[in-house]
Participant: 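First the structure, which I've put down as structure tokens, then a few questions once you've had a look.
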Amino acid sequence: MARTAFKAPRSAKKPGFPVLKIFQKGRQRFFEKVSPATLEPLGTYAIQDHKEVDLVLDQAREAFETWSVLPLSERAAHLKKFRKQIVKDMHEIVDVICAECGKTEMDAIIEIFTVCEHMKYVEKKGPGILRDEPRSVGLFLNKKAYVSFLPRGVVGVISPWNYPLVLSAGPVAQALMAGNTVVLKPSEVTPATGLKLGEIARRAGIPAGVFSVLSGDGSTGSALVESSKTDMICFTGSTSTGRKIGEVCGRMLKPVILELGGKAPMLVFEDANLERAVNGALWGGLSNSGQTCITVDRVFVHKSVYDSFLKMAQEKIGQLKQGLRHEKPSIGSMTFPKQISIVDDHVSDARKQGARIVHGGQKHPDYPGHFYMPTIVTDHHHGFRIMHEETFGPVLNVVPFSTEEEAIRLANHTQYGLNAYVWTRNMKRARRVARQIRTGNLNINDAYTNYIISDLPFGGVKDSGIGRVYSKEGLRAFADMQSVCVDRFGLKKELWWFPYSHGIQKLFERVIRVLFG
Ligand code: NAD
């Protein structure tokens with residue numbers, strides 16, 4: 001019987017440091033990057049150590065002195081130029097993303113679209129969101145009150161490999177708008193996209209030291225987190241690494257945003273628009289080879305439409321083309337070699353224990369690179385690893401349910417709480433169900449679109465993280481809040497200041513009774 005409160009099994013923990021081919025020349029360590037689609041070498045990158053990280057942080061601290069005092073409108077103007085430069089250099093970025101991720105061109109373009117939409121929001125709405133905000137003074141009519149949103153200092157942004165542009169540029173733009181300077185540490189699995197972003201920022205005229213990009217692995221990220229020269233960390237990555245970073249930040253009392261893993265449920269009720277639901281499940285589960293934190297993973301379908309859903313999904317998945325970039329496919333390769341073994345382990349484990357693989361279920365036989373065939377798994381038991389560990393690959397688990405209550409229980413049967421999807425034509429039911437699913441974000445009759453709506457905050461609950469990015473809440477998370485009270489009339493003293501007297505005390509007692517009693 002599925003439980004609602006979920007405890008992570010031991011095997012769910014994944015090591016935080018990916019396996020890399022590392023070599024040393026003199027005192028400098030390097031790693032090699034190979035194309036995941038063709039297995040051709042793409043280049044070598046330095047692993048910057050804590051001394052080099054410290055030097056970059058010193059430059060960022062120096063640049064903070066001038067960047068943080070720029071008017072909001074000037075910082076917005078810089079970001080606008082940065083966005084326009086990204087658009088100008090779009091094809092250069094697509095080339096880098098496709099080469100190092102094995103993505104399709106369309107998946108790379110979606111990254112650029114998402115980044116530009118979020119950057120535009122930040123430039124347009126940022127100055128209003130970060131301006132001093134007046135607050136009500138309650139009884140204290142002789143005062144004024146407001147909140148200031150002040151730059152925190154140097155923000156360390158650490159990003160993963162699955163969306164190397166969005167998950168770097170998104171937090172970077174917000175942190176810069178809030179007046180911080182930023183040091184980015186992109187994933188060692190996709191180092192070139194982050195470095196390209198730094199190059200584009202320089203072309204756009206972002207002043208030196210305001211935004212810098214490091215090259216390195218987990219040890220470089222760790223140096224950024226541990227340094228007393230970073231004032232905040234925004235981390236996107238696995239739950240296991242997030243926990244380690246959270247512990248360090250807790251010890252150092254350093255503000256931190258943790259955007260972590262997911263295992264999104266999709267609930268398809270009997271009255272759903274079935275064809276749209278199937279299309280949404282396929283795109284939401286298989287685009288970017290399923291390597292998306294909000295990927296549609298566990299699809300719970302009402303038993304009365306289960307067979308029709310599965311039949312339509314099988315027909316449509318069979319028509320999807322997978323392949324190399326120049327073959328113009330809908331699905332590319334996976335990005336991280338280790339990830340393909342995790343996907344294969346989950347599918348093999350489910351198969352061994354009696355699940356049925358109705359499509360895919362293996363590496364693509366025609367390519368030497370890391371291609372995993374789009375896969376549908378059915379006939380599960382909820383104890384299977386594939387039903388509770390993050391698979392992060394092109395796999396849809398399709399499971400029937402009988403009642404609304406059961407669907408909600410199954411959806412919540414996970415340690416994660418990032419995204420969820422509810423499909424029904426009955427809006428009353430959709431909203432009722434949505435409120436009972438423990439996730440930070442949710443779509444009704446849609447897939448992923450919440451992430452592109454810049455006015456919606458994004459973040460997880462449970463093991464999916466702490467804090468929010470994007471929107472007003474996300475932007476303000478990159479600022480220190482300062483609450484200010486201003487006296488208006490300059491009286492000699494307030495009633496409650498020294499010296500205390502019996503009369504004043506009695507007056508206060510009366511006021512308490514009248515106002516609050
Ligand atoms: P990861 O945790 O292995 O690595 C992420 C980044 O952290 C990399 O840059 C890595 O070098 C760095 N790192 C590793 N160890 C570190 C340490 N001890 N200190 C500081 N930095 C360290 O994650 P990944 O495999 O790159 O990314 C995939 C994971 O990211 C998945 O779990 C996915 O769900 C999650 N993710 C979450 C979101 C979200 O918004 N919630 C978005 C995308 C991906």
Side-chain angles (χ1 to χ4, degrees), residues 37 101-107 110 162 262-268 272-292 294-303 305-325 327-335 339-340 342-351 354-367 369-380 384 386-387 390-401 419 421 423 443 445-449:
C101 300
K103 286 190 198 228
T104 63
E105 282 180 5
M106 186 61 194
D107 284 339
I110 289 174
N162 59 330
K263 189 81 182 164
M266 175 167 170
L267 275 51
V268 184
N273 175 339
L274 215 57
E275 180 159 19
R276 183 173 163 80
V278 169
N279 288 335
L282 291 179
W283 184 73
L286 308 174
S287 59
N288 200 33
S289 277
Q291 305 164 114
T292 308
I294 54 176
T295 197
V296 174
D297 181 313
R298 299 170 299 138
V299 188
F300 301 110
V301 186
H302 190 266
K303 61 180 185 189
V305 291
Y306 178 81
D307 289 339
S308 319
F309 182 97
L310 196 57
K311 187 164 172 275
M312 208 188 298
Q314 276 178 272
E315 278 164 20
K316 285 179 184 273
I317 205 172
Q319 291 157 18
L320 291 175
K321 188 167 146 191
Q322 186 171 28
L324 294 162
R325 180 183 175 186
E327 296 168 331
K328 304 280 175 212
S330 292
I331 303 177
S333 80
M334 295 193 64
T335 300
Q339 199 61 43
I340 201 165
I342 295 172
V343 174
D344 209 33
D345 275 0
H346 284 188
V347 173
S348 307
D349 175 70
R351 187 191 276 119
R356 215 157 47 91
I357 316 297
V358 298
H359 192 89
Q362 59 176 49
K363 291 181 195 167
H364 202 300
D366 299 345
Y367 297 97
H370 303 296
F371 289 82
Y372 199 85
M373 290 174 73
T375 297
I376 298 180
V377 183
T378 63
D379 296 355
H380 298 80
F384 292 176
I386 204 166
M387 288 303 283
E390 191 178 35
T391 306
F392 219 53
V395 181
L396 288 171
N397 297 291
V398 187
V399 178
F401 71 86
N419 246 49
Y421 306 90
W423 293 75
N443 287 263
N445 299 326
D446 213 335
Y448 286 10
T449 313

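The basis for the numbers below is simple: all heavy atoms, side chains too, and nothing from hydrogens, waters or symmetry mates.
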Participant: Backbone N or O of Ile386 within a donor-acceptor pair of the Lys263 side chain at under 3.5 Å?
Facilitator: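 It does hold such a pair.
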Participant: Looking at every non-hydrogen atom in both residues, tell me the closest pair between Ala281 and Leu396 and how far apart they are.
Facilitator: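 Answer, listing the atom of Ala281 first, then Leu396: O-CD2, 3.6 Å.
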Participant: Once you round to the nearest 0.5 Å, how far does CD1 of Ile317 lie from CD of Gln322?
Facilitator: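 Between Ile317 CD1 and Gln322 CD, I get 9.5 Å after rounding to 0.5 Å.
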Participant: Listed by chain and number, what are the ring-ring contact (aromatic ring centres under 6.0 Å, His included) partners of His302, not counting sequence neighbours?
Facilitator: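 His302: ring-ring contact (aromatic ring centres under 6.0 Å, His included) contacts with Phe401.
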Participant: List the steps and the verdict of side-chain contact (heavy atoms from CB on, under 4.5 Å) for Trp423 and Leu274.
Facilitator: CA-CA 9 Å; Trp423 293 75; Leu274 215 57; over 6 Å; no
Participant: What verdict does the side-chain contact (heavy atoms from CB on, under 4.5 Å) test give for Thr391 and Thr295, after you've listed the backbone C-alpha separation in whole Å, the side-chain angles of each residue and the deciding distance to 0.1 Å?
Facilitator: CA-CA 10 Å; Thr391 306; Thr295 197; over 6 Å; no
Participant: Return the minimal non-hydrogen interatomic distance between Val296 and Tyr421, and the atom names on each side.
Facilitator: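 It is CG2-CE1, 3.7 Å.
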Participant: Testing the basics here: between Asn419 and Pro265, what is the closest heavy-atom pair and its distance to 0.1 Å?
Facilitator: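 Scanning both residues completely, I find the closest heavy atoms to be O-CD, 3.3 Å.
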Participant: With sequence neighbours excluded, tell me which residues meet side-chain contact (heavy atoms from CB on, under 4.5 Å) with Lys328.
Facilitator: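 Lys328 satisfies side-chain contact (heavy atoms from CB on, under 4.5 Å) with Glu105 once adjacent residues are dropped.
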Participant: If I take atom CG from residue Asp379 and atom CG from residue Asn397, how far apart are they, to the nearest 0.5 angstrom?
Facilitator: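 Going from the CG atom of Asp379 to the CG atom of Asn397 covers 11.5 Å.
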Participant: Could you go through Val395 and Val343, starting from their C-alpha distance and side-chain angles, then the distance that decides it, and tell me whether this counts as side-chain contact (heavy atoms from CB on, under 4.5 Å)?
Facilitator: CA-CA 8 Å; Val395 181; Val343 174; 3.7 Å; yes
Participant: Which atom names give the shortest non-hydrogen contact between Met334 and Pro394, and what distance separates them?
Facilitator: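 Nearest heavy atoms, Met334 then Pro394: SD-CD, 4.0 Å.
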Participant: For the side chain of Thr335 and the backbone of Cys101, is there at least one donor-acceptor N/O pair under 3.5 Å apart?
Facilitator: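 Between the backbone of Cys101 and the side chain of Thr335 there is a qualifying donor-acceptor contact (under 3.5 Å).
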Participant: Run the side-chain contact (heavy atoms from CB on, under 4.5 Å) test against Ala37 and tell me which residues pass, sequence neighbours left out.
Facilitator: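 In terms of side-chain contact (heavy atoms from CB on, under 4.5 Å), with neighbours along the sequence ignored, Ala37 is linked to Ser35, Leu324, Ser333, Phe371.
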Participant: In Å, rounded to the nearest 0.5 Å, how long is the span from CD1 of Ile331 to CG of Asn288?
Facilitator: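 If I round to the nearest 0.5 Å, the distance is 10.5 Å.
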Participant: With sequence neighbours left out, write down each residue that passes salt bridge (charged side-chain N to carboxylate O under 4.0 Å, His left out) with Lys311, or none if nothing qualifies.
Facilitator: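 So Lys311 forms a salt bridge (charged side-chain N to carboxylate O under 4.0 Å, His left out) with Glu315.
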Participant: Under the ring-ring contact (aromatic ring centres under 6.0 Å, His included) rule, collect the residues that match up with His380, sequence neighbours excluded.
Facilitator: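 ring-ring contact (aromatic ring centres under 6.0 Å, His included) check on His380 returns nothing, list empty.
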Participant: Between Ile357 and Thr375, is any pair of side-chain heavy atoms under 4.5 Å apart?
Facilitator: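 Yes, at least one pair of side-chain atoms sits under 4.5 Å.
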Participant: Examine distances only and state if a side-chain atom of Asn162 and a backbone atom of Gln291 form a donor-acceptor pair shorter than 3.5 Å.
Facilitator: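 Present.
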Participant: Exactly one of Gln319, Lys316, Met312 should register a side chain to side chain contact (heavy atoms under 4.5 Å, CB included) with Leu282. Which one does?
Facilitator: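 Exactly one option meets the side chain to side chain contact (heavy atoms under 4.5 Å, CB included) with Leu282, and it is Lys316.
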Participant: Taking salt bridge (charged side-chain N to carboxylate O under 4.0 Å, His left out) as the definition, give me every residue that meets it alongside Asp345, ordered by chain and number, with sequence neighbours left out.
Facilitator: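 Applying salt bridge (charged side-chain N to carboxylate O under 4.0 Å, His left out) to Asp345 gives none.
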Participant: Show the nearest heavy-atom pair for residues Pro374 and His359, with the distance to one decimal.
Facilitator: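 Minimum heavy-atom separation between Pro374 and His359: O-CD2, 3.0 Å.
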Participant: Residues in salt bridge (charged side-chain N to carboxylate O under 4.0 Å, His left out) with Arg351, at least two apart?
Facilitator: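 Residues passing salt bridge (charged side-chain N to carboxylate O under 4.0 Å, His left out) with Arg351: none at all.
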Participant: I'd like to check Met106 versus Ser330 (side-chain heavy atoms, cut-off strictly below 4.5 Å). Are they in contact?
Facilitator: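 Met106 does not reach Ser330 side chain to side chain.
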Participant: Nearest 0.5 Å please: distance from the NE2 atom of His346 over to the CG atom of Asp349.
Facilitator: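 Those atoms lie 7.5 Å apart.
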Participant: Quick one: salt bridge (Lys or Arg N to Asp or Glu O under 4.0 Å) pairs with a partner in residues 280-290, sequence neighbours left out?
Facilitator: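 For residues 280-290, and leaving out neighbouring residues, there are no salt bridge (Lys or Arg N to Asp or Glu O under 4.0 Å) pairs at all.
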Participant: Hey, what do you get for CZ (Arg325) to NZ (Lys103), rounding to the nearest 0.5 Å?
Facilitator: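 With rounding to 0.5 Å, CZ (Arg325) is 13.0 Å from NZ (Lys103).
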Participant: Can you name the residues that form a ring-ring contact (aromatic ring centres under 6.0 Å, His included) with Tyr372, not counting sequence neighbours?
Facilitator: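 Applying ring-ring contact (aromatic ring centres under 6.0 Å, His included) to Tyr372 gives none.
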Participant: Quick check against the 3.5 Å criterion: does Glu390 have a side-chain atom that pairs as donor or acceptor with the backbone of Gly262?
Facilitator: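 Yes, because the side chain of Glu390 sits within donor-acceptor range (under 3.5 Å) of the backbone of Gly262.
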Participant: Strictly distance-based, threshold 3.5 Å: is any side-chain N or O of Thr104 a donor or acceptor partner for the main-chain N or O of Pro329?
Facilitator: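 Checked: no pair found.
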Participant: What closest approach, in Å, do Gly361 and Asp344 show between heavy atoms, and which atom pair accounts for it?
Facilitator: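 Between these two residues, the closest heavy atoms are O-OD1, 4.4 Å.
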Participant: Please identify each residue that fulfils side chain to side chain donor-acceptor pair (under 3.5 Å) with Glu327, with sequence neighbours left out.
Facilitator: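 Scan of Glu327 (side chain to side chain donor-acceptor pair (under 3.5 Å), adjacent residues dropped) gives Tyr367.
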Participant: What residues form a side-chain contact (heavy atoms from CB on, under 4.5 Å) with Asp446, not counting sequence neighbours?
Facilitator: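 In terms of side-chain contact (heavy atoms from CB on, under 4.5 Å), with neighbours along the sequence ignored, Asp446 is linked to Arg276, Asn443, Thr449.
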Participant: Give the C-alpha distance, both sets of side-chain angles, the deciding distance and a yes or no for side-chain contact (heavy atoms from CB on, under 4.5 Å) between Val278 and Phe309.
Facilitator: CA-CA 7 Å; Val278 169; Phe309 182 97; 3.6 Å; yes
Participant: Sequence neighbours excluded, which residues qualify as side-chain contact (heavy atoms from CB on, under 4.5 Å) partners of Ser287?
Facilitator: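 Only Asp107, Trp283, Tyr448 meet the side-chain contact (heavy atoms from CB on, under 4.5 Å) criterion with Ser287.
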